[in-house]
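This report refers to the structure that appears directly beneath it.
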Protein chains: 2
Amino acid sequence: MATSTVENYIKRIFMDQPTGTGLMPLGRLAKIMNVVPGTATTMVKTLSESGLARYRPREGVRLTPAGEKLALHVLRRHRLIELFLVRVLGVDWSEVHPEAEELEHAISDKLLARIDELLGKPAFDPHGDPIPSAAGKLSRSRVQPLIACNAGARMRIARITDQDSRFLRYANSHGLVPGAKLHLKDRDAQGDSILVQVNGRKPLNLGSSAGAKIMVEPHAKARTKRAT
Amino acid sequence: MATSTVENYIKRIFMDQPTGTGLMPLGRLAKIMNVVPGTATTMVKTLSESGLARYRPREGVRLTPAGEKLALHVLRRHRLIELFLVRVLGVDWSEVHPEAEELEHAISDKLLARIDELLGKPAFDPHGDPIPSAAGKLSRSRVQPLIACNAGARMRIARITDQDSRFLRYANSHGLVPGAKLHLKDRDAQGDSILVQVNGRKPLNLGSSAGAKIMVEPHAKARTKRAT
DNA sequence: GTTTGTATTTTGAATACTCAAAATGAAAAT
DNA sequence: ATTTTCATTTTGAGTATTCAAAATACAAAC
């Protein structure tokens, strides 16, 4: 059985490496995990020995198929729990992340299945992130960061990538929530900012770092069943 | 912050020692915790150093007020979670214990408060055990084991003390659930068995070990001698 | 091609928990 | 009073995780 520490390492390696080809350098992993570099090295060796990752010294890590399977399992637990907390317990979506971070390691598969059913086998969590299926399939849609869009684009918010609750609260208060329709009215390359209009609201200026955290997708297209 | 291991030790010490005066011998604690005796000794020293217990070498342990406070807090989490799983998620009450055993260490106070409200600040868990209040008060009622009752007694089941799910399932299937009315029709000291009738059902024979696990309480205002 | 700089790895040590087995204390049996 | 027995404690060691700081490798700059 993987400890919750191992589960966390595996999860973060997976999340920070959507492009399957590259290795993740250990310095980066150490930053993500808030440990000193040496700790990351030690841990990655252990992961490697237990067959969850492949490790090239001085280059980086990559998950093995077994590692990816575990990562998807943890991610499923995390996102299903988040949605459960929002929908059943009425917790605000901006506060749900740290809670799920703990519970994801404590919940049994049996209980998770019950929650899944109760929620109607949902496909997305409250942040708009896709929930891996029980079989371990993750639907990847074509989303992009808001800053990557052209002026004039009309999109829909798919999710907010930042898990920091301050930013989530800010986003929330301006209507920047998954599902919201959004019109990119203008871009200012020099001023490093973009002007957006959310639903019918007052236009809002966002810096590029904020714009990078907001993932959008074309909203004309037919969509799969939505969470929330 | 107490680790979940510490929380478990404290909880079990508390539960196995309702009579405040006696010390719990470490051999007993070791059995309860499924560790070798030496481990219990080491752990109890640690608890003692952190002010949660008082330890007399060769005699035993007792919780300090701080330890009792923690124990009640853990117990509250455990029992509230059990009730939540039964009521909101429809998990069978006989299967709820091991689940809560894990979740009780992962849930935040904030989330617990939400659950408490959702359930209407309940006083008893699905096994009939009282749920400590947020302030740490535990209502102790006058309950006693079924085998301690006289023939002819009419009682109500308060709770089942055994947490083993096989026994719980057995009890369930015979209507032996908290709240059920019960008539002790006969006792057979030689045969070591008692004959009970649950609600209107067929009379049922129980051995003394089963009878010891079923806690009952006076059903009307009739006063029997109290057990605490 | 040597120096400098930065990322990574190694080493040594700490904390929390556990076990196996030897040592000890105290009560029970003789 | 001495021996036997049993519970408890001590000792030594192992796993999982972490840090601080020294050692090393490699790329970039000179």
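- Closest contact between the side chain of B:Val35 and the listed nucleotides C:dC19, D:dA16, D:dT18 involves C:dC19.
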Atom pairs, protein N/O to nucleotides 6-8 of chain D N/O, distance under 3.5 Å:
{"unit_1": "D:dT8", "atom_1": "OP2", "unit_2": "B:Gly27", "atom_2": "N", "d": "2.8"}
{"unit_1": "D:dT8", "atom_1": "O2", "unit_2": "B:Arg58", "atom_2": "NH2", "d": "2.9"}

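- Of the possible donor and acceptor atoms, one in the side chain of A:Arg87 sits under 3.5 Å from a partner among the backbone N and O of A:Leu119.
- In this structure a side-chain-to-backbone donor-acceptor pair under 3.5 Å is missing from A:Ser193 to A:Gly207.
- Side-chain N/O atoms of B:Thr42 include none lying less than 4.0 angstrom from OP1 or OP2 on C:dC17.
- Closest-nucleotide positions on DNA chain D for A:Gly38 and A:Val6 were compared, and the one nearer the 5' end corresponds to A:Val6.
- If you check residues 43-50 of chain B against DNA chain D, the residues with a heavy atom closer than 4.0 Å are B:Lys45, listed by number.
- Contact detail for B:Ala158 and B:Val143: the closest heavy-atom pair is CB-CG1, 3.6 Å.
- For residues 39-87 of chain A, the pairs satisfying ring pair (Phe, Tyr, Trp, His ring centres under 6.0 Å) are A:His78-A:His97, with sequence neighbours left out.
- Nearest nucleotide to the A:Tyr9 side chain, out of C:dC17, D:dA16, D:dT18: D:dT18.
- When rounded to the nearest whole Å, the span between CG of B:Leu52 and P of C:dA16 equals 13 Å.
- Counting non-hydrogen atoms under 4.0 angstrom, A:Asn34 reaches the backbone sugars and phosphates but no base.
- The backbone N or O of B:Leu112 lies less than 3.5 Å from no partner atom in the side chain of B:Asp116, so there is not a single donor-acceptor pair.
- A distance of 13.5 Å separates CZ of A:Arg12 from CD of A:Gln17, quoted to the nearest 0.5 Å.
- A distance-only check finds no donor-acceptor pair linking the side chain of B:Glu102 to the backbone of A:Ser108 [under 3.5 Å].
- As rounded to whole Å, 11 Å separates atom P of D:dT17 from atom CD of A:Glu7.
- When heavy atoms are screened at a 4.0 angstrom cut-off, B:Thr5 is found touching the sugar-phosphate backbone but no base atom.
- Looking only at distances, a side-chain donor or acceptor of B:Arg187 sits under 3.5 Å from a matching main-chain atom of B:Cys149.
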